[in-house]
K.L.:
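Next up is a structure, given as structure tokens.
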Amino acid sequence: MPGPDLLSSQGLRLDGRRPNELRRIRCKMGVFTQPDGSAYLEQGNTKVLAAVYGPHQAAKSKSSTEGVVVNCQYSMATFSTGERKNRPRGDRKSQEMSLHLRQALTAAIKTELYPRSQIDVYVEVLQADGGAYCVCVNAATLALIDAGIPLRAYACACSASMAWHGGQPEPLVDVGHVEEAAGGVVLTVASLPSTENIALLEMSHRLHMDYFDVVLSRAMQGCRDIEVILDKAVREHLAEGWTKEDVVTI
Amino acid sequence: MTGHVSIRLASERVNHSVSSSNVLPRFYTPGEVITGTQDFMRGHGTYAEDDCLKSSVAGVMQKVNKLICIRPLKSRYVGEIGDVVVGRILEVQQRRWKVETNSRLDSVLQLSSVNLPGGELRRRSVEDEQMMRMYLQEGDLISAEVQSLFSDGSLSLHTRSLKYGKLSQGTLVKVFPSLIKRRKNHFHNLLCGVSIIIGNNGFIWISPLMQDLMIEESKDEINNYESQSVSKSDREAMARVKNCILALVASKMMLDDTSIMFAYEESLKYDSVKDLLDPEAMLDIAFLTQHKINNIMDE
């Protein structure tokens, strides 16, 4: 099953990365003042803004005594893709993404702590260059941490694809738009890397069972790498916002 | 709309950090193991899993004997009995008001826990119930005290003191609740002719000096007060206090009457109030205030 040619003879990908390399991740927490938490994250050329409101009193129709209701809205700016989008939100794809986002975040949030409350997560894709869902999950995690909402662990998402190099299968991590468009299979994983739990798994095409494990483990490795980067960013953000007086000893 | 607009490049942004010490506390992030043993008690911001105590928020550890808590940099307001809060009426219901206090559930103000105009502790009649909207309606701001906590974490408020009640003329500033220092007194009359209520929930109310309004209880007086116009100098002083608070918040400094007053004094060197919104000026004020506070602490 020789797929499209995603690796050069030197073993480099179309954008010059090695198969196990992520795109550059840059992020900033607390970009807005109005929401309880917010974050900006870019992974290569995919750029996402996330804002979190809550936990606050749930609307009566949604209220649940079991735990907090997580309400997500995924939206893509009209200028985010090569071809101008007409509906930034509310179309089938955005609705599906919102549901998936909710699934990943509900797995991470300690929902049982806040009965009758609701957390609203709004993500806006400013530029889509592949892996928009993954970047949204990572940005939403940062925004939740910024809002001080209790999480079990970081929720990270990463995608992986499959290519052939010298007759050997070679999984690719963090798939970009060009590689997505080339038609290979894309496996998207949202997980809590520190607990090794998988919150969401999605595959775009069919993939032979024999190769599934290598692709999955490469995606999981990507999640772990992303967690390290996010953790570093969170610590830097904390260090910035800390003044001497804040350290209260009882 | 015309006016002076300045938009800066991201690279020219001012770093608002005024931290003087290089020593940083140990930070914990979600999912990180705090301790492996079961000798400790699980407090806020932590959870137990696989025989380990893990952190669930990003922040610093606070330890009281065996109780371990992790306190995040910012979060929603967590109420404690006796806190002074400023809130906004959301809804008028049967014998109670719903109040928004930046808490994670709406707070409740019972009709039985307010001082009705006319004074004295008298029975609440059906008439009072019908008059509720006359007294406080949706959108009104109040200052109140936390009377008790319900089991689900929502707050019950009371205004049974002359210092609490409806707020009429002034400005509301919203900040993170974690920036408010707990003090004995949260009502301050600043020397600059402005009175402020520093709500524990992060809502700060700035108003012109209330002379003896609260003492006189008759309803006419309050109505009079509402329609009184505030002089320009008072307005400027209020705006200045507000901008000073914003400057301190941008640098994440703790707020109490001293820090606000220091910032106000430092701000006087800027003639125009709107100059205080300039990022450099904000940093300058925050830095000088921090310096002044450090001096006092050292003495």
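Computed from a prediction, not measured in an experiment: that's the story for all the values here. First the proteins, then the strands, lettered A, B, ... as listed; each starts at 1.
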K.L.:
Using only heavy-atom distances, determine whether the side chains of Ser98(A) and Gln95(A) contain a donor-acceptor pair under 3.5 Å.
P.N.:
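Judged by distance alone, the side chains do not pair up.
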K.L.:
Considering heavy atoms only, which positions within residues 62-71 of chain A lie below 4.5 Å of chain B?
P.N.:
none
K.L.:
Heavy atoms only, distances under 4.5 angstrom: which of Ala58(A), Gly54(A), Gly37(A) has the most pairs with chain B? Name it, please.
P.N.:
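The option with the most such pairs is Gly54(A).
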K.L.:
Does atom CG of Asn185(B) have more than 12 heavy-atom neighbours from other groups under 6.0 Å away?
P.N.:
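Check passes, neighbour count above 12.
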K.L.:
Under 4.5 Å from any heavy atom of chain B, what part of Leu113(A) do you find: side chain, backbone, both or neither?
P.N.:
backbone
K.L.:
Using heavy atoms and a sub-4.5 Å threshold, report which of residues 40-48 of chain A line up against chain B, by residue number.
P.N.:
none
K.L.:
With no hydrogens and no angle check, just 3.5 Å: does a side-chain donor-acceptor pair link Ser107(B) and Thr101(B)?
P.N.:
yes
K.L.:
Looking at Cys69(B) and Gly43(B), what are the two nearest heavy atoms and their distance?
P.N.:
SG-CA, 4.0 Å
K.L.:
Cation-pi check for Tyr114(A) against Arg116(A): NZ or CZ below 6.0 Å from the six-membered ring centre and within 45 degrees of the axis, yes or no?
P.N.:
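Checked: cation-pi criterion not met.
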K.L.:
Do the side-chain N and O atoms of Arg235(A) and Thr29(B) include a donor-acceptor pair separated by under 3.5 angstrom?
P.N.:
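There is such a pair (donor and acceptor under 3.5 Å, judged by atom type) between the side chains of Arg235(A) and Thr29(B).
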K.L.:
Output the residues of residues 135-151 of chain A for which the shortest heavy-atom distance to chain B is under 4.5 Å, in residue-number order; output 'none' if no such residue exists.
P.N.:
Ile145(A), Asp146(A), Ala147(A), Gly148(A), Ile149(A), Pro150(A), Leu151(A)
K.L.:
Run the side-chain contact (heavy atoms from CB on, under 4.5 Å) test against Asp140(B) and tell me which residues pass, sequence neighbours left out.
P.N.:
Ile89(B), Leu136(B), Gln137(B), Lys166(B)
K.L.:
Given that the side chain runs from C-beta out, which part of Asp152(B) has a heavy atom under 4.5 Å from chain A: side chain, backbone, both or neither?
P.N.:
side chain
K.L.:
For the pair Asp257(B) and Lys181(B), find out whether any cationic side-chain nitrogen is under 4.0 Å from an anionic carboxylate oxygen.
P.N.:
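Salt bridge absent between Asp257(B) and Lys181(B).
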K.L.:
With salt bridge (charged side-chain N to carboxylate O under 4.0 Å, His left out) as the test, would you mind laying out the steps for Glu80(B) and Arg182(B) before giving the verdict?
P.N.:
CA-CA 11 Å; Glu80(B) 284 173 35; Arg182(B) 277 180 202 279; 3.5 Å; yes
K.L.:
Decide whether Glu32(B) and Ser55(B) meet the rule of one side-chain donor and one side-chain acceptor closer than 3.5 Å.
P.N.:
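Per modelled atom types, Glu32(B) and Ser55(B) side chains form no pair under 3.5 Å.
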K.L.:
Given side chains that start at C-beta, do those of Leu187(A) and Val175(A) come closer than 4.5 Å, heavy atoms only?
P.N.:
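A side-chain contact is absent here, since even the closest heavy-atom pair is not under 4.5 Å.
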K.L.:
Less than 4.5 Å apart, side chain to side chain, heavy atoms only: is that true for Cys244(B) and Glu266(B)?
P.N.:
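The answer is no, as the side chains (C-beta and beyond) never meet within the 4.5 Å cut-off.
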K.L.:
Please determine, among Arg76(B), His44(B), Glu100(B), the option with the most heavy-atom pairs under 4.5 Å with chain A.
P.N.:
Arg76(B)
K.L.:
Of all of Ile70(B), Asn102(B), Leu105(B), which one pairs up most often with chain A through heavy atoms under 4.5 Å apart?
P.N.:
Leu105(B)
K.L.:
Answer yes or no on whether Lys174(B) is positioned over the face of Phe203(B), meaning its NZ or CZ is under 6.0 Å from the six-membered ring centre and within 45° of the axis.
P.N.:
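Checked: cation-pi criterion met.
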K.L.:
Identify the heavy atoms of Arg224(A) and Glu196(A) that sit nearest to each other, and give their distance.
P.N.:
NH1-OE2, 2.9 Å
K.L.:
Take atom NE2 in His188(B); do more than 12 heavy atoms of anything else shown fall under 6.0 Å from it?
P.N.:
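Enclosed.
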